[in-house]
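Here is the structure we will look at, set down as structure tokens.
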Amino acid sequence: MFTLSELASLSEHQASSKLLKPWWEVFMEYLVVLMLMVSVLSGTLLLSRDQVVCLPLDLPITQTNHSEGGPIHRPQPQAKPFPPPDSPWVPARGRRTHLDYQQYIYISQVCYHEALPWYSRFFPYVALLQSLVMMASGCFWFHFPLTSARIEHFLAILAKCCESPWTSRALSHAARQEEVEGDTGPQKFQTPPSPQASSASVPRNRQSSMDSGTDSPLLGRLDDMSTAAPPSPCPSMPFRSSSLSSVSPTRGCVLPSKPSGVLDSSQRVASLDRSDGEQARALFERVRRFRSHCENSDVIYKVYLAQTLFKLLLAVLIVSYTTPLMGSISLIHTCLPQAHALTGYSAFECTHALASVLHKLLLAYVSLVGLFGLLSLYALSWILHSCLRQYSFNKLRELGSMRDVPDLCNDLAFLLHMADQYDPLLAQRLSVFLSPVSETCLLEESLERRWGAERLHSMTTVDPEGRPLLQLVALPRLPPALFTLSQLVVLKLELITDAKLPAQVANMTSLRELHLYHCTAALEPGALMVLQERLEVLHLTFTQAAEIPGWVYSLRGLQELHLSGRMGCESGVGRSWALGSLRQLRHLRMLVLRGMLQRVPGELGEVAGSLVRLEIHNEGSRLLVLTGLRRVAGLTELRLQGCHLERIPSALLALTSLRTLDLQNNSLRTLEELLGLAHLRRLSCLRLAHNRILSLPASVGALRALELLDLGYNQLQSLPLALFNLHGLHRLLLAGNLLEELPAEIGALRSLTELDLSGNRLESLPPELFSHCLELRSLNVSHNSLGSLPPGLRNLCQLSRLDVRSNSLEDLPIELGCCSGLHGKGLLVEDWLLHSLPRHVREFLTQPGSPTSKSTASNSRPDSDSFPYFSTTQWSFSSAPESRI
């Protein structure tokens with residue numbers, strides 16, 4: 001049993017497959033149906049009325065009587081005299097046969113099989129079989145495994161293209177545009193606030209105007225749906241012709257006004273709803289994938305060609321062997337049955353009752369087959385003489401509505417040629433989803449609807465510097481509302497396929513910093529002029545150096561340039577990578593390069609007069625050539641991180657103005673060249689963390705101007721005494737080394753404000769640290785082996801951060817209560833150690849607020865009744881008993 005749903009799907013499939021049947025295929029189907037009717041009619045007649053009537057043809061033969069040994073002669077019938085005329089009985093005339101009824105039936109059956117030709121008896125069945133073969137060959141390409149899936153997919157896509165509201169809107173706009181151009185001549189699309197290129201004047205064509213609606217014959221199942229569901233209320237959406245394809249459409253594309261007022265009723269353009277827009281975008285992607293799949297082969301074309309050739313050969317074969325057999329179907333036949341012993345006759349003359357009807361039916365059948373063969377011959381000639389594996393939209397381009405539709409090839413081109421035989425308007429509907437400009441307009445409208453000004457304002461945040469910041473990720477295009485944010489300062493664009501900045505970027509008057517993370521960025525001429533004047537910071541992340549756009553090197557007002565990506569060659573042979581000419585970057589002060597460089601670019605000399613900071617993060621790749629640093633002698637800050645340096649480069653000696661040198665994350669083992677840095681008399685910051693330094697030479701004492709020294713995460717086991725001659729040192733970072741003892745000479749660093757000794761092997765701290773380094777604000781001694789803290793903590797009045805976690809401490813000194821800077825969360829220690837302190841000291845160290853400041857707000861510090869202020873002597877006196885507890 002068949003369910004109703006299965007029957008409905010079958011009818012829909014048949015209705016949609018007719019789109020690919022040209023007129024000759026439909027005509028041949030009707031011919032096959034007529035052939036089936038002829039065969040069925042012939043078979044019905046044979047089964048119901050077919051018979052033969054036979055009469056003896058010769059005289060009875062004398063038989064021999066074997067018993068008596070002589071021939072026996074049958075008596076001949078005597079002719080009876082005719083009765084007189086007045087007699088009522090009339091005797092039978094003719095020859096008497098002496099055969100009874102059963103003998104006549106027997107002779108008729110025998111002669112039917114022996115006297116009649118085989119084609120007279122089996123013509124209906126042969127014709128039925130041939131008609132079924134022709135019917136199967138007519139729809140073979142719809143069911144062949146290699147073609148059926150593609151055909152069904154094509155029909156489904158074509159149905160979606162016809163149903164989509166975007167199709168109707170696009171074609172309606174094309175018709176209106178054609179009407180405007182035909183009446184008013186060449187017009188221009190205008191996009192506020194800047195004019196765009198004008199499209200060429202095209203004469204009006206009535207056929208394309210009729211296609212603006214949904215009243216053309218499309219899919220069979222769409223005809224039923226059009227009566228059940230009303231058409232989409234959305235009018236057409238203006239979109240650009242291919243003459244404007246180089247200019248991206250902007251928000252609010254408006255057709256020029258027509259003097260006669262023809263377009264007054266259609267200039268109100270409503271946007272698609274969200275579901276229709278998403279379906280249209282999905283359909284664009286589906287058409288794009290189907291096109292790439294079908295244009296790779298021509299299997300449908302070959303199968304259809306083979307099918308047509310088979311039908312032609314079959315028709316020729318049927319006509320060739322059926323025509324000679326037509327003469328065998330006659331009315332009278334002579335039968336010579338082997339029935340002499342039963343009837344006494346050896347020859348009979350038989351008549352075929354259906355001979356005349358069968359002859360006419362056979363003639364009609366051969367005529368139908370001949371006409372079928374002629375149609376097959378026409379189809380074969382059409383296939384061979386037409387270029388069916390190439391499809392061009394030249395007619396559509398001549399109309400001027402969509403000139404950017406690409407030409408098609410192979411199977412997709414063949415399917416469109418077949419669909420054109422049914423209705424040429426189907427290809428026009430499909431062309432809407434083949435047009436890049438149409439897709440651009442749809443994306444533009446979708447972005448305008450989903451990413452309006454209100455949503456962009458809600459997404460705007462504030463960066464650490466307090467500047468308005470907006471980050472957009474994974475969008476197909478930039479929303480037009482973006483260029484209305486006049487207060488935006490920092491714009492981050494990530495993974496945007498078409499990040500084209502139009503001239504409307506001039507409306508972003510506060511834009512100063514731009515981030516492009518794997519974005520294909522392009523600029524219009526008007527946008528380039530704006531960015532040249534306003535943009536100060538540019539962050540560009542790419543995969544290959546060839547992806548760096550050329551306009552980057554023309555931003556004459558740029559002050560900071562950050563480039564991140566693969567800049568070197570993996571083979572190690574090509575060292576010729578170079579930045580573009582930096583000559584126009586006259587105000588560039590900071591350049592950051594993150595990639596796999598093999599040499600310092602020589603183009604840095606072009607900006608030597610303005611460049612003051614250079615950073616190279618090489619991701620662990622060896623930086624081989626550093627001679628380019630000598631061309632930027634005016635650098636004040638240099639960072640070479642992850643460059644796999646094993647020694648301090650000698651090229652640094654030419655940087656006499658250098659103030660900050662960062663060589664972290666390298667492979668430095670020795671600092672023998674440290675003495676050469678003494679010539680850099682302005683060097684105040686030296687970072688050598690995350691290297692493999694085993695010892696610090698005494699030449700470090702020659703760096704008199706040093707204020708920050710970072711030697712963290714190396715392999716130092718001791719510190720030279722010359723280090724403590726750097727009396728101007730403010731920050732000393734020695735975390736993550738192998739130090740077991742801190743020299744008492746540390747007290748000589750009286751200007752020290754930060755000391756980091758975490759991650760070492762210290763068991764004690766020298767008292768001089770607490771008695772002389774009175775400017776200390778941050779002390780980190782975590783992850784050591786300290787058993788106790790020495791006295792004198794009360795002297796560090798400015799200490800605001802003390803980290804003593806992960807040590808071997810058993811208790812904390814009561815003097816911590818004298819360090820007013822630790823009030824709140826300045827002390828980092830395990831919770832159980834805090835309980836070794838008196839309660840009022842513990843509360844003083846853990847509760848937020850400043851005990852020395854008088855505040856009327858309740859959240860600034862606790863109430864004076866519950867937390868009185870004690871002097872240093874009172875702290876010592878009152879807490880002595882509790883400390884013993």
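Since the model is a prediction, treat every value here as computed from it, not as a measurement.
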Heavy atoms, side chains only, cut-off 4.5 Å: are [X] and [Y] in contact?
{"X": "V612", "Y": "S657", "value": "no"}
{"X": "L555", "Y": "L528", "value": "yes"}
{"X": "R659", "Y": "S684", "value": "yes"}

Any chance [atom1] of [X] has more than 12 other-residue heavy atoms, nucleotides or ligands included, within less than 6.0 Å?
{"X": "R281", "atom1": "CZ", "answer": "yes"}
{"X": "R681", "atom1": "CZ", "answer": "no"}
{"X": "R631", "atom1": "CZ", "answer": "no"}
{"X": "H587", "atom1": "NE2", "answer": "no"}
{"X": "R583", "atom1": "CZ", "answer": "no"}
{"X": "M529", "atom1": "CE", "answer": "no"}

*Distance (rounded to the nearest 0.5 Å) between R169 CZ and E445 CD*: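 Here the rounded value is 4.5 Å.
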*Roughly how far, to the nearest 0.5 Å, is CD of E619 from SG of C643?*
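The distance works out to 10.5 Å.
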*Would you please classify the geometry between the H690 ring and the Y713 ring as parallel, tilted or perpendicular, with 30° and 60° separating the classes?*
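Rings of Y713 and H690: parallel, under 30°.
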Using a distance-only test with no angle check, is there a side-chain donor-acceptor pair under 3.5 angstrom linking [X] and [Y]?
{"X": "R556", "Y": "Q584", "result": "no"}
{"X": "Q559", "Y": "R589", "result": "no"}
{"X": "S667", "Y": "H644", "result": "yes"}

Contact summary for [X] and [Y], nearest pair of heavy atoms:
{"X": "M459", "Y": "L470", "value": "CB-CD1, 3.8 Å"}
{"X": "G452", "Y": "A481", "value": "C-CB, 3.7 Å"}
{"X": "R477", "Y": "D498", "value": "NH1-OD2, 2.8 Å"}
{"X": "L822", "Y": "R801", "value": "CD2-N, 3.7 Å"}

*Taking the side chain from N618 and the backbone from L597, do they hold a donor-acceptor pair closer than 3.5 Å?*
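Yes; at least one donor-acceptor contact below 3.5 Å.
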*With no hydrogens and no angle check, is any side-chain donor or acceptor of R704 less than 3.5 Å from a backbone partner on G728?*
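Pair absent, no side-chain N/O of R704 close to backbone of G728.
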